[in-house]
2 protein chains.
Amino acid sequence: MTPSIRQLRALTAAVETGSFGRAALRLHLSQPALTVQIRELEQALGVSLFDRTARGAQPTAAGAALAESFGRILAELDAVVDGAREQAARRAGVVHLAVLPSVAATLLPGALARLKAAHPGIRVMLRDAVAKRVGALVKEGSAELGIGHATTPDPELSETPLFEDELVAVLPPDHPLAARPRLTLEELAATPLVLTDPESSLRALAEAAFASAGLAPRPAYEATYMSTAVALVRAGLGVGLLPASAMDLRVAPLLATRPVDSPLLRRRIVLLRRRGASLSPAAEALIEVLQPDD
Amino acid sequence: MTPSIRQLRALTAAVETGSFGRAALRLHLSQPALTVQIRELEQALGVSLFDRTARGAQPTAAGAALAESFGRILAELDAVVDGAREQAARRAGVVHLAVLPSVAATLLPGALARLKAAHPGIRVMLRDAVAKRVGALVKEGSAELGIGHATTPDPELSETPLFEDELVAVLPPDHPLAARPRLTLEELAATPLVLTDPESSLRALAEAAFASAGLAPRPAYEATYMSTAVALVRAGLGVGLLPASAMDLRVAPLLATRPVDSPLLRRRIVLLRRRGASLSPAAEALIEVLQPDD
DNA sequence: GCCAGTCATAAGAAAAGCAGATGACCCCTT
DNA sequence: AAGGGGTCATCTGCTTTTCTTATGACTGGC
């Protein structure tokens, strides 16, 4: 018994054009079809909306008032629908992303630049967190996507590999160990190291590699931010153990990097999403730019 | 291409109940029907609104956001429609009425009281004006109804008789003329008179009656408000010539009224409305109470 | 008095919407 | 591990709605 959208449009068009025929034209309808819509609206409401004369239909007070209300409602509806379509077309939207700090500093800036170029209307709400938190944020839904590393499979999460990351030794070019093309865990364990925060997954990775070789590293310094760690290394305070991907940057010319002989220093960086939860168009766009070799 | 109201209701119900089946129940639909509505809405918008799992449909972010917007729009629409129905049912509404001052003081109070009793929600916007203005106000549309007296027929206006009004002589009980049961125009022309404003239709009526008998009245006083005229008569300053209908009131016991022998002192009070303009339900209700002998 | 313009009506056709039956899937229980 | 209950999707035939075309009725102007 509530009027249909067609009837709302019919009334507003008829009042605005002042003629059933012109209103029908505007709505791409035949004039009888519009007449019927108006009549049924009148019956549904129990109010007469127009005074029909031989030279046009004059809206009654009720008709004019209703047309205005309906026009406002239709405009609101159209705005909402357009907004949804904008998001579907990736011209707008937000995606909440939880990401490891190491990745945020390396892979992400380029990806976000590509996203901005391809879809300028999409915003990314970034949250950096250690690996466990990344998974938790995605699971609880406060992040639609996560970038973490492969862990024990969680039934609620689905993982898609993004790239392989590797911890490499970072050291000043004039450091004694820089003479060797590759380093061993033993060599590293015997020298002062610059490591990251004990909470970080990079640190856990390093600890695990040393432990499996029966070694105990000598952390001389711990830094929360990678830029700090790099500065410490550059100051000659120790040898860093940092993601290879991070070393592509401006740091490179000033520091030497050397691979380390340990398969355990590798890790797979993966994209995390809630299993069974479909992705927003904005998230799909983000995923596309995260996989440059796709 | 814009979604239908059914689809809006389907989405809000599905999001609120968290289940297609329960939503269908709420909308008195079968579950397949609701599924179809949701699917077509998704296709129309290009967005997936639910993540279907085997144990229910979980709204996506887009689905939840749209449901809220749609809910707001539907509530607004329902309010507008309810308002229109209220007016149709005469439980609300406004009617603009232009009325002669003489009638405003006599017939109208009772009619408005009856209207208030029968339809407490209807408001009357009252405007008193002389006869010509009453007609003009109705013609230009700023009054939906008018109460005036019969004039030269206007093609744009339609007249419905309400009652016959008659000017009677009003005088103190101890006035010499009060001894006679009926008065003549000649007798009145020979005595000082209390008349109304020269602009008023009552005055025009009196003047015409005297003129057609070849007489010239002697207006001793002119009053704009009828209550003033009555006060002047009571003070013994002259004989009044006022509508009989006005004399039913509290004035009666203190003053005598006498009919005057002249058919020209009668006039038909009519209801005026724009020809071809339908009436609002509120106006119809007012008309009903204006015709107590209907 | 006819002509042009308006809205209303009628009839057949097209489209949309619906209910009921059924299927696929998953979780949970036994 | 098999079955039961609950979910949503699909299919089919029918009903209801909606549309177009053709036509009528009315009015105002030339």
Side-chain N or O of [X] closer than 4.0 Å to phosphate OP1/OP2 of [N]:
X        : N       : answer
Arg6(A)  : dC19(D) : yes
Thr35(A) : dA8(C)  : yes
Arg52(A) : dC26(D) : no
Gln37(B) : dA16(C) : no
Thr53(A) : dT27(D) : no

Closest-nucleotide ordering on DNA chain D, the 5'-leading residue of Ala54(A) and Leu34(A):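 Between the two, 5'-proximity favours Leu34(A).
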Between atom [atom1] in [X] and atom [atom2] in [N], what is the gap in whole Å?
X        : N       : atom1 : atom2 : answer
Arg55(B) : dT29(C) : CZ    : C1'   : 15 Å
Gln31(A) : dT23(D) : CD    : P     : 15 Å
Phe20(B) : dC26(C) : CZ    : P     : 17 Å

Glu40(B) near the nucleic acid: base, sugar-phosphate alone, or nothing, with a heavy-atom cut-off under 4.0 Å?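 Here Glu40(B) touches the backbone only, sparing every base.
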Over all strands shown, is Ala57(A) touching base, sugar-phosphate only, or nothing at heavy-atom distances under 4.0 angstrom?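 Counting heavy atoms under 4.0 Å across all strands, the contact made by Ala57(A) is with sugar-phosphate only.
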Starting from the 5' end of DNA chain C, give me the residue, Pro32(B) or Val36(B), whose nearest nucleotide shows up first.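 Its nucleotide being nearer the 5' end, the pick is Val36(B).
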For the pair [X] and [Y], find out whether any cationic side-chain nitrogen is under 4.0 Å from an anionic carboxylate oxygen.
X         : Y         : answer
Arg266(A) : Glu164(A) : yes
Glu159(B) : Arg268(B) : no
Arg203(B) : Glu207(B) : yes

